[in-house]
Amino acid sequence: MTLEIVILAAGQGTRMKSTLPKVLHPVAGRPLLEHVVRTAQALRPAGIHVVVGHGAEQVREALSHIKLNWVVQEEQLGTGHAVMQAMPGLSADSVVLVLYGDVPLTELATLEELVACAADAPALLTAELADPSGYGRILRNAAGELVGVVEDKDATPEQRAIAEINSGLLAAPHADFAHYLPQVQNENKQAEYYLPDILSLAVADGKRVASCSAQSELEILGVNDRVQLNQVEREFQRRQALALMREGVSLADAGRIDVRGTLNCAEDVSIDVNCVFEGEVTLGSGARIGANCVLKDVVVGEGAEIHPMSHLEQAQVGERCSVGPFARLRPGTVLAEGARVGNFVETKKASIGAGSKVNHLSYIGDCEMGAGVNVGAGTITCNYDGVNKHQTTMGDGVFIGSNSTLVAPLSIEEDGFVGAGSTVTKKVESSELAVARAKQRNIAGWERPGKSK
Ligand code: UD1
Ligand code: CA
């Protein structure tokens, strides 16, 4: 059986109070709509058709990395009208599943069941809610069979008391959509073409409409405002934290980790509280991440430790390295095995060789550093002359005394040594000592100034 999936995403999302289209608001670092698309992809359909209207161009642009069939609904005349726009692109011999671009927490198994129920007649995903207000209510006959859906705005007080609601998600054979959608009228309070009206039309034709019930309220939770957006965000984070722990990651607190992208972990990784992972982050076996770290597009090698309050972006940290506390690794930082970058050190486009140490209060930018180098506290690579950036290179075994200013372009050859407090502007040859600071003068018998009268 062929499956076609239609995702409705043309609505404005007024209650978000935002210039950004609702379905582009981020959840776990990705647009809301992308989560629905990923769920759809997991069902392996023949095609995914996304109905867009408000902010259509922006939505298409944001998801341009995924192959989708875009359908434009110029005017938002209702959910039935929205599906109608997608019909020309659907293969006739298929079951069609309708998802909402703003309902991202539906489980795969639930959707598989819904599709399986829709082989011969429509099937609807419903839920029982303690507070059903706002939703379409499920109408059943005396035999308990589903006979239709009445929208909240059109419902009588008796109907409003019904706790079973329409999630909005439904599936049906293509033939049923083709047959019943054109019959849907818009004579209702909202003057809209309601998609669920195909159900009562099918029932009137003698068909039996199936219903599947959602496992939890979260499965049908739609995002209409930023409060619901946050509910969805927290649920995603909860699920990701559970998945990480099941993969062998120790979390100090499953409720205090945020993954906004993809976090790949080998075994025995441990993560302390309040860490944020963005983009694509990979943590090697036994890596430890201290409290309050932010890592974006980072690879951390086996056994490495990132101490608390460190910020790393587009950086590679080798095996058994030590970073932080309070370190900032900016894009292009590469630490070879066993390197150490300590507190209040900033690096950028810097490759730090195996076992080299930059332990305190330094800026290392545009720098190629060999192995076994020791950079003293307060060392600065002066990489910028106000116009251009210049490179600093240090050979293996170099020693830089504290508070040195290395004016790039500069090369300090293997085993070169720089005396503390130097401003170095010329190449230092292999094993040379460079001292570039004012010579000390001691004045004997010097008298301190006295207080003026
Ligand atoms: C809809 C259902 C209601 C159900 C509820 C569940 C209808 C008539 N009502 O109501 O029974 O309980 O969802 O959340 O279907 N959309 C379009 N084009 C349109 C209209 C809507 O693409 O012309 C999209 C929206 O972007 C949204 C989805 O369809 O993703 C649902 O639309 P919305 O206006 O939120 O429907 P509700 O009134 O909540
Ligand atoms: Ca809604």
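Nothing here was measured: the structure is a model prediction, and the numbers come from that model. Below, each value reflects all heavy atoms present in this structure, side chains not excepted, and no hydrogens, waters or symmetry copies.
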Measuring from atom OH of Tyr363 to atom OG1 of Thr405, what distance do you get when rounded to the nearest 0.5 angstrom? 14.0 Å
Report yes if some heavy atom in the side chain of Ile138 is under 4.5 Å from a heavy atom in the side chain of Val149; otherwise report no. yes
Hydrogens and angles aside, do His307 and Ser322 bring a side-chain donor and acceptor to less than 3.5 Å of each other? yes
Taking every non-hydrogen atom, the tightest pair across Val52 and Ala10: C-CB, 3.7 Å
With the side chain counted from C-beta on, respond yes when Val223 and Met16 share a heavy-atom pair under 4.5 Å apart, and no when they do not. yes
Do Leu68 and Ile7 have side chains that get closer than 4.5 Å, going by heavy atoms? no
Only residue of Val334, Val358, Val317 satisfying side-chain contact (heavy atoms from CB on, under 4.5 Å) with Ile352 is Val358
Nearest heavy-atom neighbours spanning Asn292 and Cys275: N-SG, 4.0 Å
Does anything in residues 2-54 form a ring-ring contact (aromatic ring centres under 6.0 Å, His included)? List the pairs, not counting sequence neighbours. His35-Phe236
Do you know which of Arg239, Glu233, Arg234 makes side chain to side chain donor-acceptor pair (under 3.5 Å) with Gln237? Glu233
In short, Val407 meets Leu410 closest at the heavy-atom pair O-CB, 3.4 Å
Is it true that the side chains of Arg30 and Thr262 contain a donor and an acceptor less than 3.5 Å apart? yes
Please answer whether the main-chain N or O of Gly370 pairs with a side-chain N or O of Ser356 as donor and acceptor at a distance below 3.5 Å. yes
Less than 4.5 Å apart, any side-chain heavy atom of Phe177 and any of Leu90? no
Whether Arg437 side chain and Ala420 backbone form a donor-acceptor pair below 3.5 Å: yes
Sidechain-backbone polar pair: Asp415 side chain, Val398 backbone, donor-acceptor under 3.5 Å: no
Would you say the side chain of Leu244 lies within less than 4.5 Å of the side chain of Ile257, judging by non-hydrogen atoms? yes
Check for a donor-acceptor pair, side chain of Thr381 on one end and backbone N or O of Gly365 on the other, with a separation under 3.5 Å. yes
So how far is it from Cys293 SG to Ile306 CD1, rounded to the nearest 0.5 Å? 7.0 Å
Is there a side-chain contact between Thr106 and Tyr100, using heavy atoms and a 4.5 Å cut-off? no
For the residue pair Leu108 and Thr39, what are the closest heavy atoms and their distance? CD1-O, 3.7 Å
Glu278 vs Val294 side-chain heavy atoms within contact, under 4.5 Å: yes
Is there a donor in the side chain of Glu280 and an acceptor in the side chain of Thr282, or the other way round, less than 3.5 Å apart? no
Where the side chain of Ser362 meets the backbone of His360, is there a donor-acceptor pair that is under 3.5 Å apart? yes
Between Met1 and Val115, is there a side-chain heavy-atom distance shorter than 4.5 Å? yes
Examine distances only and state if a side-chain atom of Ser422 and a backbone atom of Val424 form a donor-acceptor pair shorter than 3.5 Å. no
Can you name the nearest heavy-atom pair linking Asp272 to Ala252, along with the distance? OD1-CB, 3.4 Å
Nearest 0.5 Å, what's the CD-OG1 distance between Glu192 and Thr79? 7.0 Å
Val36 and Val103 have their tightest heavy-atom pair at CG2-O, 3.6 Å
Evaluate the salt bridge (Lys or Arg N to Asp or Glu O under 4.0 Å) criterion for residues Asp366 and Lys389: first the C-alpha distance (whole Å), next the side-chain angles of each, then the deciding distance (0.1 Å), finally the verdict. CA-CA 8 Å; Asp366 299 298; Lys389 299 278 167 65; 5.4 Å; no
Is Glu34 reaching over with its side chain to a backbone N or O of Pro31, donor-acceptor style, under 3.5 angstrom? no
Under the 3.5 angstrom rule, does the side chain of Glu4 hit a backbone N or O of Ser91 as a donor-acceptor pair? yes
Short question: side chain of Arg320, backbone of Gly338 - any donor-acceptor pair under 3.5 Å? no
Please answer whether the main-chain N or O of Asp152 pairs with a side-chain N or O of Arg137 as donor and acceptor at a distance below 3.5 Å. no
Tell me whether the count of non-hydrogen atoms from other residues, nucleotides or ligands lying under 6.0 Å of CZ in Arg330 goes above 12. yes
